[in-house]
Amino acid sequence: MAEDRLPKQSENFSEWYNQLILKSELADYAPVRGCMVVRPYGWALWENIQKALDTRFKKTGHVNAAFPLLIPMSFLEKEKEHVEGFAPELAIVTIGGGEKLEEPLVVRPTSETIIGYMYSKWIKSYRDLPILINQWANVVRWEMRTRLFLRTLEFYWQEGHTAHETAQEAEDETLKILNLYTDFAINEAAVPVIPGIKSDAEKFAGAQRSYTIEAMMLDTKALQSGTSHNLGQNFAKAFDIQYLDRNNEQQYAWTTSWGVSTRFVGAIIMTHGDDQGLILPPKLAPSQIVIVPIFRNDEEKEKVMTMVGEVENALNQFRIKVDNRENLTPGFKFNDWEMRGVPLRIEIGPKDVANQNVVVSQRDIPGKAGKLFLPMVDLAKNIEKLLNDLQDRLLKKATEFRDSHIFEPKNFNEFKEVIVNGWAYSYWCGDASCENSIKDETKATTRCRPLGQEKTSGTCIYCGKPADYKTYFARSY
RNA sequence: CGGGGUGUAGCGCAGUUGGCCAGCGCACCGCGUUUGGGACGCGGGGGUCGGCGGUUCAAGUCCGCCCACCCCGACCA
């Protein structure tokens, strides 16, 4: 068995990322350019993400439904900004059943339009509001430049679509979801994110306001990891979503939409991974624990496997896997599971049978330093603590990394220096021209203006005009 | 769509001035010995050499066209 190492993060981060996904069997390239196959290990991770989000959606009163993949072209055209934003990346079906179609059908790039159409049918009165629907779906956007999980032609996501009586309710919903996403990212994925508002240039095509959670990857690039849009009455007017209000007058509804995609898998990979491979947060890892049995002969095997069974049983509350592949050495398995990011590894050999303890190795602490002996007594309780501690350490480490790479440059020259290896938190006057110039000169875009920021007075990092708020700038995925 | 690169076994590659049945490492299969940090020996299976056309007695090898994918840019969850 030959060593087949990953490139080092420090030497070639993007190759590290690509190869790790293939080797750890999260995903593979499909025969169509830009499309990916999410393999069982990757899908299991996505399913855990889905569960964590879906539970939160349900708790806040949302319900799931399914809307069609194909949308009449004319629907897209009803909202001006929306069609302008999406036109370049549409896949369009022109032939069906061997016949040219009267009207082309668009493979959904997102579902605001078709859901808007349905909402206009369903909503008659204020009594029908709010309507809070989510769907788990795939969407297609014809991207020029693709990257596994981060940007593929087809990707999987959830898209929530809600309609409300008042502007305030819609805004409350938009922010409620942003907070929900923030809570999910931090407390389930241990991905520290900064919630904030997007600039006009970066907002969703057709939205009044877009909010985002922004995460810093280990190469210091920013990754937009979830978005929540207040659509105002834009789509309600385009699709005639009207209701009779409490004063018996016709009103347009106020709508929102929000989504998290399989891109989030990329966020997890690039937030926690190291040169050895993935490090998955215990709360989302497909396997939280892997047991590697060690033995030299049948006699030892029998004793060891008996104990493996006992341990597996004692830990059945966790997602646990026994690696009983017989043709591989323990050493190989150690490296293999480390590459796949399993948080805890339990090693059980003849010595452990004799001592009635197990060796536990913690994925985020390399080598011997991360290994400890645990007695069989209270094993589950101790393992639970180790998983929780590991989860906490991941969040702490990622947060410290992020905070140590956010700078507040004093002038634009300094800005250009820090942006190469970090984010800049700077005053910005809000003019699109400054935003554009900064992008042209540094490749950095505005990421968001964080929520809850107090108004202060400063000067724009680019033009020097007065500015009231600071904005995060970064190179991004 | 512009610039660059690569197509030979599942993966990574070699294949000289064109020349015999197209090779190597890993992976895979069989047997045996191994197994506490990426095991070893022996024996096997696996190829329209990206496609089409041309030059030639003879083409992975030379020529032309096409296709695909990867990397770097413009657009984007």
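Heavy atoms only: backbone and side chains are in, while hydrogens, waters and symmetry mates are out.
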When you compare the protein's N or O atoms with those of nucleotides 67-70 of chain B, which come within less than 3.5 Å of each other, and at what distance?
residue : atom : partner : partner atom : Å
B/rC69  : OP1  : A/R33   : N            : 2.9

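- Rounded to whole Å, atom P of B/rA77 lies 15 Å from atom CD of A/Q158.
- Here B/rA27 sits opposite no nucleotide as a Watson-Crick or G-U wobble pair (both hydrogen-bonding atom distances under 3.5 Å).
- Straight-line distance between the C1' atoms of B/rG50 and B/rG60: roughly 12 Å, to the nearest whole Å.
- The cationic group of A/R449 does not satisfy the cation-pi geometry with A/Y472, failing either the under 6.0 Å distance to the six-membered ring centre or the 45° limit from the ring axis.
- Residue A/Q224 is in sugar-phosphate contact alone, with no base atom involved, counting any heavy-atom pair closer than 4.0 Å across all strands shown.
- Listed nucleotides B/rA77, B/rG37, B/rG36 differ in distance to A/T152; the shortest reach to its side chain belongs to B/rA77.
- Checking side-chain atoms of A/T113 against main-chain N and O of A/S111 turns up no donor-acceptor pair under 3.5 Å.
- Remark: P of B/rU35 and CG of A/D298 are 13 Å apart, rounded to the nearest angstrom.
- Base-pair partner of B/rU33: B/rA39 (Watson-Crick or G-U wobble, both distances under 3.5 Å).
- No contact: A/V139 has no heavy atom under 4.0 Å from any strand.
- When heavy atoms are screened at a 4.0 angstrom cut-off, A/G259 is found touching no nucleic acid atom at all.
- Closest approach to the A/E338 side chain among B/rA77, B/rG37, B/rG38 is made by B/rG37 (side chain taken as heavy atoms from C-beta onward).
- Here A/F334 does not lie in a stacked arrangement on the base of B/rG38, lacking the combination of planes under 30° and ring centres under 5.5 Å apart.
- Set against B/rG36, B/rA77, B/rG37, the side chain of A/I294 has B/rG36 as its closest nucleotide.
- Counting any heavy atom pair closer than 4.0 Å across all strands shown, A/F264 reaches no nucleic acid atom.
- Of the C1' atoms belonging to B/rC70 and B/rC11, the separation is 15 Å, rounded to the nearest Å.
- Computed from coordinates, the A/L328 CG to B/rC26 C1' distance equals 14 Å when rounded to whole Å.
- Under the Watson-Crick or G-U wobble criterion, with both distances below 3.5 Å, B/rG64 is paired with B/rC52.
- For B/rC72, neither phosphate oxygen OP1 nor OP2 lies less than 4.0 angstrom from any side-chain nitrogen or oxygen of A/K443.
- Within 4.0 Å of A/K439, counting heavy atoms only, lie sugar-phosphate atoms of the nucleic acid but no base atom.
- Between B/rG25 and B/rG15, the distance separating the two C1' atoms is 15 Å to the nearest Å.
- A/R325 comes within 4.0 angstrom of no nucleic acid atom, judged by non-hydrogen atoms across all strands.
- Of the nucleotides present, B/rC72 is the one that pairs with B/rG2 by Watson-Crick or G-U wobble criteria, both distances under 3.5 Å.
- Taking 3.5 Å as the limit, the base of B/rG38 and the side chain of A/D336 contain no donor-acceptor pair of atoms between them.
- Of the candidates B/rG36, B/rG38, B/rA77, the closest approach to any side-chain atom of A/P330 belongs to B/rG36.
- Here the side chain of A/T329 is nearest to one of B/rA77, B/rA39, B/rG36, namely B/rA39.
- With hydrogens and angles ignored, the 3.5 Å screen pairs a side-chain donor or acceptor of A/T152 with a backbone N or O of A/E154.
- Considering only side-chain N and O atoms, A/S261 lies nowhere under 4.0 angstrom from the phosphate OP1 or OP2 of B/rA77.
- Within the 4.0 angstrom heavy-atom criterion, base atoms lie near A/L150.
- Of the candidate nucleotides B/rG38, B/rC75, B/rG36, B/rG36 has the atom lying nearest to any side-chain atom of A/E347.
- Going from atom OH of A/Y181 over to atom P of B/rA77 covers 14 Å, rounded to whole Å.
- The closest side-chain heavy-atom distance from A/L26 to A/F149 is below 4.5 Å.
- Across all strands shown, B/rU17 has no partner, as no Watson-Crick or G-U wobble contact with both distances under 3.5 Å is found.
- Under the 6.0 Å cut-off for aromatic ring centres, A/W43 and A/Y156 qualify, their centroids lying closer than that.
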If you look only at distance, which donor and acceptor atoms sit under 3.5 Å apart when one is on a side chain in residues 69-79 of chain A and the other is two or more places apart or in another chain?
residue : atom : partner : partner atom : Å
A/S74   : OG   : A/E103  : OE2          : 2.7
A/E79   : OE1  : A/E81   : N            : 3.1
A/E79   : OE1  : A/H82   : N            : 2.9

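- The nearest whole Å value for the distance from the CZ atom in A/R147 to the P atom in B/rC72 is 7 Å.
- Taking the C1' atoms as reference points, B/rG43 lies 27 Å from B/rC49, given to the whole Å.
- One C1' atom belongs to B/rG7, the other to B/rU48, and the distance between them is 15 Å to the nearest Å.
- Across all strands shown, A/K351 has heavy atoms under 4.0 Å from base atoms, whether or not it also approaches the sugar-phosphate.
- Of the nucleotides present, none pairs with B/rA9 by Watson-Crick or G-U wobble criteria with both distances under 3.5 Å.
- The side chain of A/S361 has B/rG37 as its nearest neighbour among B/rA77, B/rG37, B/rG36.
- Here the side chains of A/I213 and A/I194 are not in contact, with every heavy-atom distance at 4.5 Å or above.
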